Amino acid sequence: MNIILLGAPGSGKGTQASMLSNKLGLYYFQTGKLSRDLAKKDKRLREIINSGKLIPEQEMTMYVIDNLSKNRSKMNNILFEGFPRFISQYKALAEFLRSKGDDIDAVISLDISEKEAVRRISSRRICEKCGEVYNLITNPPSKGGCKCGGKLIQRKDDNPDSVKVRFRYYKEDTKKLIDYLEKQSNVIKVDGERSIKVIYEDILRKLEKKGII
Ligand code: G5P
Ligand code: MG
């Protein structure tokens, strides 16, 4: 089973993806993490990501397909978060999966206003060590640190200027992909402005109703 999770920056993709992949036994494939890992050794990628821009679409597709090909054995059932963001990336992923006799079973889109997303991002903290996502207001860490003992940090692209750029890309590119999938009745829309638990249960219910899980 392969599921794609789409949504604006700060919509809760990572939060839900982590819970859903655990529950459904899916490999959690996160292109934000892949990009940040690649950027550790690449100044150009670092500058792109930190300024809120997207890595050029074909280049990102290449990184993803390469990663999927190399790690195929541990990635039979995948939850994709952050990929695809363009129609071209969706088509490339669908084609790659088809070539392996596989398919995209569901696309979920988390809907949230820009105002709420910006509010969430400004109080988001992530664990430097394990990547766990917290929110100082809605999902606070206990005793000021991560449960794994790691230090909590703010992402470099979580500054107001970069967040604005990330939103522009979402509205210009990923929205086109969502509209394209909606025309094919191929996307499960979820109201992302509720509590983490309510959204999680709603997604599971919708996947069940469609016979996907
Ligand atoms: P990323 O890392 O994929 P974004 O900008 O798409 O970055 P981001 O910011 O990671 O997405 P998210 O994962 O949707 O947002 O949000 P989250 O971290 O789960 O939640 C945000 C905050 O809200 C947290 O504090 C959380 O606790 C809280 N929260 C979550 N859910 C709820 C809720 O239900 N209720 C409430 N009240 N609070 C909640 O990509 C980074 C960069 O990588 C490159 C690009 O440069 C990109 O900018 N990249 C790509 N480039 C090209 N093509 C691609 N396909 C690429 N993918 C990545
Ligand atoms: Mg994320």
Side-chain angles (χ1 to χ4, degrees), residues 4-21 28-40 42 44-65 67-68 79-90 92-93 108-127 131-141 146 152-159 161-175 177 190-203:
I4 293 171
L5 196 49
L6 301 174
S11 59
K13 299 184 295 292
T15 303
Q16 294 296 331
S18 157
M19 294 162 77
L20 291 166
S21 55
Y28 176 16
F29 192 97
Q30 188 192 1
T31 42
K33 182 175 185 306
L34 174 64
S35 307
R36 286 185 285 276
D37 284 347
L38 290 166
K40 282 179 192 156
D42 188 323
R44 180 183 62 92
L45 289 182
R46 238 176 358 255
E47 282 170 1
I48 292 177
I49 296 170
N50 292 349
S51 64
K53 292 180 186 154
L54 289 178
I55 294 168
E57 59 187 285
Q58 314 287 355
E59 183 181 344
M60 192 69 218
T61 302
M62 194 190 74
Y63 294 140
V64 168
I65 300 295
N67 202 286
L68 288 175
L79 179 64
F80 291 93
E81 189 234 317
F83 190 92
R85 293 187 200 226
F86 295 86
I87 296 173
S88 74
Q89 291 183 342
Y90 176 82
L93 178 63
I108 299 160
S109 169
L110 281 175
D111 290 339
I112 184 174
S113 68
E114 183 165 345
K115 197 172 157 213
E116 171 64 10
V118 170
R119 196 182 67 85
R120 286 182 188 177
I121 285 175
S122 60
S123 46
R124 170 170 58 190
R125 296 292 181 274
I126 58 163
C127 174
E132 181 81 16
V133 178
Y134 294 94
N135 190 289
L136 298 180
I137 301 162
T138 56
N139 181 24
C146 181
L152 297 183
I153 53 159
Q154 206 166 6
R155 261 169 53 176
K156 290 233 166 53
D157 59 347
D158 277 355
N159 65 78
D161 287 342
S162 300
V163 171
K164 255 186 228 143
V165 176
R166 280 154 65 197
F167 254 94
R168 206 182 67 223
Y169 276 97
Y170 173 73
K171 286 195 253 183
E172 284 172 8
D173 302 310
T174 310
K175 272 292 217 183
L177 170 62
V190 175
D191 174 2
E193 290 206 23
R194 297 171 293 169
S195 74
I196 293 172
K197 186 168 177 281
V198 169
I199 296 170
Y200 170 69
E201 284 165 357
D202 191 24
I203 293 176

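Quick caveat: nothing in here was measured; it's all calculated off a predicted structure. Both ligands and their constituent atoms are indexed starting at 1 by order of listing. Note that these values count all heavy atoms, side chains included, but never hydrogens, waters or copies made by symmetry.
- Counting heavy atoms from C-beta outward, Leu136 and Arg125 have side chains that approach closer than 4.5 Å.
- Between Arg44 and Glu59 there is a salt bridge, with a side-chain nitrogen of the basic residue lying less than 4.0 Å from a carboxylate oxygen of the acidic one.
- For ligand 1, none of its N or O atoms has an N or O atom of Asp157 under 3.5 Å away.
- Using a 4.0 Å cut-off between heavy atoms, Thr31 contacts ligand 1 through both its backbone and its side chain.
- The shortest N or O to N or O distance between Arg119 and ligand 1 is not below 3.5 Å.
- Between atom 58 (C) of ligand 1 and the options Arg46, Gln58, Arg85, the minimum heavy-atom separation is to Arg85.
- Taking all heavy atoms of Pro56, Ala17, Ser35 into account, the minimum distance to atom 49 (N) of ligand 1 is reached by Ser35.
- Thr138 has its side chain out of reach of Arg120: every pair of non-hydrogen atoms, C-beta onward, lies at least 4.5 Å apart.
- Scanning the protein for heavy atoms near atom 10 (O) of ligand 1, the closest one is Arg155 NH1, 2.8 Å.
- With respect to the salt-bridge test (charged N to carboxylate O, under 4.0 angstrom), the residues Arg166 and Asp161 do not qualify.
- Checked by distance only, ligand 1 and Thr15 come closer than 3.5 Å through their nitrogen or oxygen atoms.
- Taking 4.0 Å as the cut-off between side-chain N and carboxylate O, Lys171 and Glu114 count as a salt-bridged pair.
- Two residues are said to be in side-chain contact when any heavy atoms from C-beta on lie closer than 4.5 Å; Leu45 and Ile55 meet this criterion.
- Contacts of Ile55 with ligand 1, taken as heavy-atom pairs under 4.0 Å, involve both backbone and side chain.
- Checking only distances, Gly14 does come within under 3.5 Å of ligand 1, N or O to N or O.
- Looking from atom 41 (C) of ligand 1 to the surrounding protein, the closest heavy atom is Arg36 NH1, 3.6 Å.
- The closest side-chain heavy-atom distance from Asp173 to Glu57 is not below 4.5 Å.
- If you number the atoms of ligand 1 from 1 as listed, the ones under 4.0 Å from a heavy atom of Tyr134 come out as 24 (C), 25 (O), 27 (O).
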Yes or no on side-chain contact (heavy atoms from CB on, under 4.5 Å) for Phe86 and Leu177, after CA distance, side-chain angles and deciding distance? CA-CA 6 Å; Phe86 295 86; Leu177 170 62; over 6 Å; no
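- The single protein non-hydrogen atom nearest to atom 42 (C) of ligand 1 is Ile49 CG2, 4.1 Å, given as residue, atom name and distance.
- Ranking protein heavy atoms by distance to atom 28 (C) of ligand 1, first place goes to Asn135 ND2, 3.8 Å.
- Inclusion of Gly12 in the set of residues having an N or O under 3.5 Å from an N or O of ligand 1 is warranted.
- Ranking the protein heavy atoms by distance from atom 55 (N) of ligand 1 puts Gly82 O, 2.9 Å first.
- Between Gln16 atom CD and Lys197 atom NZ the span is 12.0 Å, to the nearest 0.5 Å.
- The ring pair (Phe, Tyr, Trp, His ring centres under 6.0 Å) search around Phe80 returns Phe29, not counting sequence neighbours.
- Looking at Ser18, its side chain never comes within 3.5 Å of a backbone N or O of Gly14 through a donor-acceptor pair.
- Using a 4.0 Å heavy-atom cutoff, Ala8 is listed among the residues neighbouring ligand 1.
- Residue Gly7 places every heavy atom at 4.0 Å or more from ligand 1.
- Taking a cut-off of under 4.0 Å to the non-hydrogen atoms of Ser195, the atoms of ligand 1 that pass are 34 (O).
- Note that the OG atom of Ser35 and the CG atom of Asp42 stand 11.0 Å from one another [nearest 0.5 Å].
- Of the protein's non-hydrogen atoms, the one nearest atom 37 (N) of ligand 1 is Thr138 CG2, 3.4 Å.
- Protein heavy atom closest to atom 24 (C) of ligand 1, with residue, atom name and distance, is Val133 CG1, 3.6 Å.
- Against a heavy-atom cut-off of under 4.0 Å, Glu81 is close to the following atoms of ligand 1: 13 (O).
- The nearest protein atom to atom 46 (O) of ligand 1, hydrogens excluded, is given as Lys53 O, 2.7 Å; this is a heavy-atom distance.
- Residues Gly52 and Tyr169 come closest through the heavy atom pair O-CD1, 3.8 Å.
- Counting heavy atoms from C-beta on, the side chains of Val190 and Asp111 never come closer than 4.5 Å.
- If you look at Tyr170 next to ligand 1, there are no close heavy atoms at all, none under 4.0 Å.
- Between the side chain of Arg46 and the main chain of Lys40, a donor-acceptor pair closer than 3.5 Å is present.
- The shortest N/O to N/O separation between Asp158 and ligand 1 does not fall below 3.5 Å.
- With sequence neighbours excluded, the residues satisfying side-chain hydrogen bond (donor to acceptor under 3.5 Å, both in side chains) with Tyr28 are Glu81.
- Residue contacts with ligand 1 do not include Pro84, since none of its heavy atoms lies under 4.0 Å from the ligand.
- Heavy atoms of Arg194 found under 4.0 angstrom from ligand 1 belong exclusively to the backbone.
- Near Ile199, meaning under 4.0 Å from any of its heavy atoms, are these atoms of ligand 1: 34 (O).
- A donor atom on one side chain and an acceptor atom on the other are not found under 3.5 Å apart for Gln58 and Ser88.
- For the pair Arg166 and ligand 1, the shortest N or O to N or O distance falls below 3.5 Å.
- Here the side chain of Lys13 pairs a donor or acceptor atom with the backbone of Gly7 at under 3.5 angstrom.
- Taking any N or O of Lys33, backbone or side chain, none lies under 3.5 Å from an N or O belonging to ligand 1.
- Between the choices Arg124, Glu57, Lys13, the shortest heavy-atom distance to atom 18 (O) of ligand 1 belongs to Arg124.
- The shortest N/O to N/O separation between Leu54 and ligand 1 does not fall below 3.5 Å.
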